[in-house]
Novice: 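Input: one structure, supplied below.
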Amino acid sequence: MKKSSFLESARQVLSIESTAVAAQIEHLDHTFEQACESILACEGRVVVTGMGKSGHIANKLAATLASTGTPAFFVHPGEASHGDLGMITPKDLVLAISNSGETGEVLAILPIIKRMGVPLIGMASAPESTLARLSDVYLNVPVAQEACPMNLAPTASTTASLAMGDALAIAVLNARDFNEQDFARSHPGGSLGRRLLLYVEDIMHKGDEVPLVSDTALLSDALVEMSGKGLGMTGVIDATDKLVGIYTDGDLRRTLAKRLSIDTPINAVMTSAPTTTTPNTLAAELVSVMKTKRISGVLVVDNDTVVGAVNMQDLLRAGVL
């Protein structure tokens with residue numbers, strides 16, 4: 001094949017598959033609503049099954065449902081016939097995907113599923129198929145042609161099934177009022193999860209790790225404290241442990257520029273009324289404040305008492321930045 005033909009082939013495939021997906025819009029009817037209502041009414045889990053390429057689509061759909069508020073998992077129909085049917089309970093719902101609606105491994109488990117009284121949603125491209133006939137709700141996903149030039153390899157049909165599965169998952173998501181916080185709870189390792197779930201108290205330094213000196217201390221004492229704790233700052237507190245100021249690496253550079261002695265009282269060179277945060281502030285919100293104020297570290301205060309310290313390195317390690 002000539003290189004120019006590669007692009008021509010790709011354009012043809014994408015055209016066929018996009019047409020297959022767009023065609024599903026015309027076929028949407030009350031059965032789609034019934035499928036959504038069945039999933040919402042399910043007291044157990046949505047068990048998604050399929051064989052071959054449809055199995056891969058089923059696996060992906062189960063993962064999408066699970067991450068968008070609908071407990072779901074994939075069961076291989078072949079394994080189901082050899083014991084995995086025990087994973088399905090009467091409170092579950094089965095969603096079976098088969099392009100032809102006649103996949104042997106899928107049909108083999110349907111009688112048992114029906115006997116258990118488990119609701120069945122079938123997704124296929126053949127309304128007259130066995131899967132369609134046995135389903136409580138049948139989703140017709142017709143495809144005029146596969147992208148394969150021999151019209152054999154499942155390509156457009158799997159793409160259409162994948163899109164229909166996503167449509168189901170998102171419609172149910174909307175009905176559940178599933179929001180960003182809900183999504184983050186199932187994705188704590190992702191960037192969205194870290195932004196929505198991590199609070200300052202989760203990443204701040206505590207106890208002896210927090211750099212603090214008395215307001216009667218000298219600049220030399222503050223430098224020792226800063227070097228020892230390694231956060232590029234130290235808080236300054238009064239006799240009642242109330243925060244009265246902060247001294248940072250930036251303050252040190254300004255102090256050196258003025259050629260002041262290290263025996264200078266810290267309260268003469270500190271920054272009074274510094275920016276602080278609280279333990280229950282979202283780490284992502286703190287990042288925004290620090291960027292706006294162009295500061296690299298803050299002290300964490302609770303009821304006027306310093307309880308922690310956070311700098312940009314901590315936020316970077318936590319994956320919030």
Side-chain angles (χ1 to χ4, degrees), residues 180-181 183-185 187-321:
E180 283 189 339
Q181 293 284 349
F183 188 85
R185 271 190 281 277
H187 297 76
S191 59
L192 177 61
R194 288 191 291 272
R195 283 198 299 113
L196 296 178
L197 298 178
L198 267 185
Y199 288 85
V200 168
E201 64 181 347
D202 297 322
I203 59 175
M204 69 183 188
H205 297 269
K206 305 174 185 175
D208 292 339
E209 294 178 357
V210 181
L212 291 173
V213 295
S214 164
D215 59 352
T216 60
L218 301 177
L219 174 57
S220 58
D221 299 320
L223 295 179
V224 171
E225 181 72 356
M226 290 169 65
S227 298
K229 301 298 172 61
L231 296 181
M233 63 182 173
T234 181
V236 182
I237 56 177
D238 65 14
T240 64
D241 290 338
K242 181 180 178 182
L243 182 69
V244 295
I246 192 171
Y247 192 79
T248 68
D249 286 340
D251 294 319
L252 175 59
R253 288 191 291 273
R254 288 184 282 276
T255 300
L256 292 174
K258 295 177 182 176
R259 299 184 181 280
L260 296 177
S261 165
I262 61 172
D263 292 326
T264 302
I266 188 65
N267 57 16
V269 291
M270 71 181 187
T271 297
S272 301
T275 297
T276 61
T277 188
T278 60
N280 58 358
T281 298
L282 278 173
E285 293 178 5
L286 178 59
V287 170
S288 178
V289 171
M290 292 171 70
K291 286 183 175 178
T292 300
K293 293 183 175 293
R294 297 184 177 183
I295 55 179
S296 58
V298 297
L299 293 162
V300 185
V301 176
D302 188 18
N303 292 325
D304 290 333
T305 301
V306 178
V307 295
V310 178
N311 66 9
M312 280 294 185
Q313 292 300 318
D314 299 320
L315 294 164
L316 186 62
R317 277 194 294 272
V320 182
L321 280 176

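Side chains are part of it too, since the values below use all heavy atoms of this structure and drop only hydrogens, waters and symmetry mates.
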Novice: Let's go through Ile266 and Asp221 carefully: what are the C-alpha distance in whole Å and the side-chain angles of both, what is the deciding distance for side chain to side chain contact (heavy atoms under 4.5 Å, CB included) to 0.1 Å, and is it a yes or a no?
Specialist: CA-CA 8 Å; Ile266 188 65; Asp221 299 320; over 6 Å; no

Novice: Closest approach of Val210 and Glu225, non-hydrogen atoms and distance?
Specialist: O-OE2, 3.9 Å

Novice: Which residue, Lys291, Glu285, Met290, forms the side-chain contact (heavy atoms from CB on, under 4.5 Å) with Val287?
Specialist: Lys291

Novice: Per the side chain to side chain donor-acceptor pair (under 3.5 Å) rule, which among Asn280, Thr275, Thr281 passes with Thr277?
Specialist: Thr281

Novice: Before you tell me yes or no, could you show the steps for Thr276 and Leu243 under side chain to side chain contact (heavy atoms under 4.5 Å, CB included), namely the whole-Å CA-CA distance, both residues' side-chain angles and the distance that decides it to 0.1 Å?
Specialist: CA-CA 10 Å; Thr276 61; Leu243 182 69; 3.6 Å; yes

Novice: Quick check: do Leu260 and Leu219 have side-chain heavy atoms less than 4.5 Å from each other?
Specialist: no

Novice: Which heavy-atom pair separates Val244 from Met270 by the least distance, and what is that distance?
Specialist: O-CE, 3.5 Å

Novice: How many angstroms lie between NE2 in His205 and CG in Asp314, if you round to the nearest 0.5 Å?
Specialist: 3.0 Å

Novice: Checking the side chain of Asn267 only, and the main-chain atoms of Asp215 only, is there a donor and an acceptor separated by less than 3.5 Å?
Specialist: yes

Novice: Do you know the tightest heavy-atom contact between Arg254 and Thr248?
Specialist: NH2-OG1, 4.5 Å

Novice: Are side-chain heavy atoms of Thr271 and Asp251 found at a separation under 4.5 Å?
Specialist: yes

Novice: Give a yes or no on whether Arg317 atom CZ has more than 12 heavy-atom contacts from other residues, nucleotides or ligands under 6.0 Å away.
Specialist: yes

Novice: Between Ser227 and Val224 (side chain of the first, backbone of the second, donor and acceptor by atom type, cut-off under 3.5 Å), is there such a pair?
Specialist: no

Novice: Taking all non-hydrogen atoms of both residues, which atom of Thr264 and which atom of Ala268 are closest, and how far apart?
Specialist: CG2-CB, 4.0 Å

Novice: Is the backbone N or O of Tyr247 less than 3.5 Å from a side-chain atom of Thr234, with the two atoms forming a donor-acceptor pair by type?
Specialist: no

Novice: Could you pull out all donor-acceptor pairs under 3.5 Å where a side-chain atom in residues 296-307 meets a protein atom, sequence neighbours excluded?
Specialist:
none

Novice: Considering all heavy atoms of both residues, which atom of Glu209 and which atom of Leu231 are nearest to each other, and what is their separation?
Specialist: O-CD1, 4.0 Å

Novice: To the nearest 0.5 Å, what is the distance between CG (Leu252) and CE (Met226)?
Specialist: 6.0 Å

Novice: Take Val200 and Thr278 through the side chain to side chain contact (heavy atoms under 4.5 Å, CB included) test and state the conclusion after the steps.
Specialist: CA-CA 7 Å; Val200 168; Thr278 60; over 6 Å; no

Novice: Could you walk me through whether Leu315 and Ile203 satisfy the side chain to side chain contact (heavy atoms under 4.5 Å, CB included) test, starting with their C-alpha distance in whole Å, then the side-chain angles of each, then the deciding distance to 0.1 Å, before giving a yes or no?
Specialist: CA-CA 7 Å; Leu315 294 164; Ile203 59 175; 3.3 Å; yes

